[in-house]
Amino acid sequence: MKSELYYYDIYPKVFPVGRDVEITVKSLGAKFDFSGEYKIVVQRVAGGSTWQHSSADNHTDIFCTADESAEIHFTYTAALEGEYRVRIYQGDNLVVQLGVYAPDHDLATRYPLRGDLHIHTYRSDGGEAPAFVCANYRKKGYDFIVVTDHHRYYPSLEAIDAFSGLEIPLCILPGEEVHLPSNDVHIVNAGGLFSVNGLLKESINYADTNGDPEKRRFDKSVPLPDLITNEQYYQEIAEIEKSLGELPDGVDGKWYASSVWAFDKIREAGGLAIFAHPYWLVDMWHLQEPFTRYMMKNHPFDAFEVLGGENYYMQNGIQTALYYDEYREGRVHPIVGSTDSHGCTEHNINSAICSTIVFAEKNERETILQAIRDKYSIAVDTISAEYRLVGEYRLQKYACFLMENYFPIHDRQAALDGEMLIQYVGGNATKDEVEAVSARADKLLKKYILISD
């Protein structure tokens, strides 16, 4: 966290373009409190330095006096979208420089949320219980999470049930990693209200739960499609394959047809269909490159997992290059970044290597999924100490500001929330104790992020 964030607080940090906003600055751990008169100089970062002739007017000067609470208050209206530097002077001495951001109207109706759409538990090949995984990822700073065990949907329901009735700032979505017969393409069902794996009677999800329908849908209000046999499934994908026509060399028709079938079923379930890690290096790339290129060109999925799973360059770096190649061709894919984690503690060096920032109106299942569909997401690479962002230029600028100025503070609160959830899972904290801590998260969000009505 930047040193000035320890010593000074400024809020709101984010506010809409064109709106008169009262901004407060206060001392936290600085050597002195504010007193007397100050000059506030506000400059738009994209407007250039004032010593340059062409941008000499890129400043607004405001004079104010600290109040009895040793706080500075001033009103500012941002004319254009972007980051602004707030420089506070007492006489000729610069006291501190802080940052604020003004998003334009579409972004100004949305909160920044960080999470993961691809995580495993010990119900498949992960290391920990579903509830513990979710609690620990809140501790790492996540606002939402999708449990996506291989072949299995019911572990995500187990995670949701573990915190049922609690008012907490972590949105847990149902999900699964979909694996179908005759198809080794990895596909994530994020947020779907029923299991796609569980549509097949011979599936592991069906076998694990003795066919219990409540283990393959979010709740009893969700209509369940009829179960099918593997033979019926093969017939259905054969029909899809026939419709594809002649395929390029290196494109497995059955795999592609099966993927289309899965993506369609995920959408039928109201979920987000994610094409996951095609450049995962097993011994060779997980998928032949012609297959991946054909998939990207035709875009039968909802979102591309551009980052996730491994900490070497070849997977995430090449997938990032692919995303921008597609962008140049006019195909702008919704994207996510995921850990594909198989262990949520610090003992797994890959436990927090990637995430997704989603700009959504609420921290709820459908608004999160729809925001990603609408391309309001950024993939975040935190493999190294210096983070990297993947996504559209405009969203990257905003996300960069948030990573520097908002999320470090957000994450300190999330760490408290997560620890309380871990204690709750272990039977060492009560509902009231958890909610007393969690209530601070919403206050913090609304303190720093002022959105349009």
Side-chain angles (χ1 to χ4, degrees), residues 117-118 125 148 150-151 176-190 196-197 199-200 203 230-267 271-338 340 354 373 375 379 381 390-391:
L117 297 103
H118 187 177
D125 57 350
T148 57
H150 298 287
H151 299 278
E176 62 190 339
E177 190 158 0
V178 178
H179 301 282
L180 297 170
S182 299
N183 182 4
D184 199 33
V185 180
H186 285 217
I187 293 168
V188 171
N189 171 14
V196 174
N197 286 306
L199 294 177
L200 275 65
S203 70
N230 280 7
E231 183 180 354
Q232 290 172 303
Y233 157 77
Y234 287 128
Q235 290 172 354
E236 291 184 18
I237 65 168
E239 289 301 313
I240 297 172
E241 189 176 5
K242 285 180 187 176
S243 71
L244 299 177
E246 187 174 353
L247 297 173
D249 291 342
V251 177
D252 186 306
K254 285 187 173 58
W255 281 22
Y256 187 82
S258 176
S259 299
V260 169
W261 186 92
F263 295 142
D264 288 344
K265 295 299 182 185
I266 292 169
R267 281 188 285 270
L272 186 79
I274 301 174
F275 177 40
H277 58 63
Y279 288 96
W280 172 34
L281 194 61
V282 188
D283 57 343
M284 304 296 166
W285 279 339
H286 181 226
L287 301 177
Q288 288 184 306
E289 189 164 29
F291 183 95
T292 299
R293 288 286 189 171
Y294 186 78
M295 182 76 81
M296 299 298 283
K297 181 179 180 180
N298 289 281
H299 190 89
F301 52 89
D302 294 325
F304 174 44
E305 188 184 81
V306 67
L307 300 177
E310 300 294 345
N311 58 24
Y312 47 78
Y313 181 83
M314 185 172 282
Q315 177 172 313
N316 292 323
I318 300 302
Q319 286 171 179
T320 298
L322 174 63
Y323 167 75
Y324 289 118
D325 257 9
E326 288 286 300
Y327 201 107
R328 282 190 289 272
E329 293 293 326
R331 295 186 290 271
V332 183
H333 301 286
I335 53 173
V336 300
S338 299
D340 190 3
C354 302
R373 295 184 192 108
K375 304 186 183 76
D381 175 346
V390 181

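Any value given below was found using the heavy atoms of this structure, including those in side chains, with hydrogens, waters and symmetry copies removed. This chain uses plain numbering: 1 for the first residue, then up along the sequence.
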Quick one: [atom1] on [X] to [atom2] on [Y], what's the gap to the nearest 0.5 Å?
X      : Y      : atom1 : atom2 : answer
Ile237 : Leu180 : CD1   : CG    : 8.0 Å
Leu287 : Thr292 : CG    : OG1   : 4.5 Å
Gln319 : Tyr324 : CD    : OH    : 13.5 Å
Thr320 : Phe304 : OG1   : CZ    : 8.0 Å
His151 : His179 : NE2   : NE2   : 4.5 Å
Glu239 : Leu244 : CD    : CG    : 11.0 Å

Task: Of Asn316, Val390, Asp340, Val336, the residue whose pairing with Cys354 passes side chain to side chain contact (heavy atoms under 4.5 Å, CB included) - done: Asn316
TODO: With Tyr256 as reference, evaluate Phe263, Phe301, Tyr294 under the ring-ring contact (aromatic ring centres under 6.0 Å, His included) test and give the passing residue.
DONE: Tyr294
Side chain of [X], backbone of [Y]: donor and acceptor closer than 3.5 Å?
X      : Y      : answer
Glu176 : Val196 : yes
Ser258 : Trp255 : no
Asn298 : Pro300 : no

For the student: nearest non-hydrogen atoms of [X] and [Y], plus distance:
X      : Y      : value
Val178 : Ile266 : CG2-CD1, 4.4 Å
Asp184 : His186 : O-CD2, 3.3 Å
Tyr279 : Glu289 : OH-OE2, 3.2 Å
Asn197 : Ser203 : O-CB, 3.1 Å
Ser338 : Leu117 : OG-N, 3.6 Å
Gly250 : Gln288 : O-OE1, 3.0 Å

Open item on the list: So, using side-chain hydrogen bond (donor to acceptor under 3.5 Å, both in side chains) as the criterion, who are the partners of Asn230 when residues are at least two apart?
Closed with: none
Less than 4.5 Å apart, side chain to side chain, heavy atoms only: is that true for [X] and [Y]?
X      : Y      : answer
Val251 : Met295 : no
Asn183 : Trp261 : no
Pro334 : His299 : yes
Gln235 : Glu231 : yes
Glu310 : Leu281 : no
Ser259 : Ile187 : yes
Leu322 : His333 : no

Task: Parallel, tilted or perpendicular, as decided by the 30° and 60° cut-offs, for the rings of Trp280 and His286 - done: tilted
Open item on the list: Is the ring pair Tyr323/Tyr327 parallel, tilted or perpendicular, if the boundaries are 30 and 60 degrees?
Closed with: perpendicular
- [ ] Taking atom NZ of Lys254 as the centre, report whether more than 12 heavy atoms of other residues, nucleotides or ligands fall under 6.0 Å from it.
- [x] no
- [ ] Return the set of residues passing salt bridge (Lys or Arg N to Asp or Glu O under 4.0 Å) with Glu326 (not counting sequence neighbours), or none when no residue passes.
- [x] Arg331
Task: Residue pair Glu177 / His118, side-chain donor-acceptor N/O under 3.5 Å - done: yes
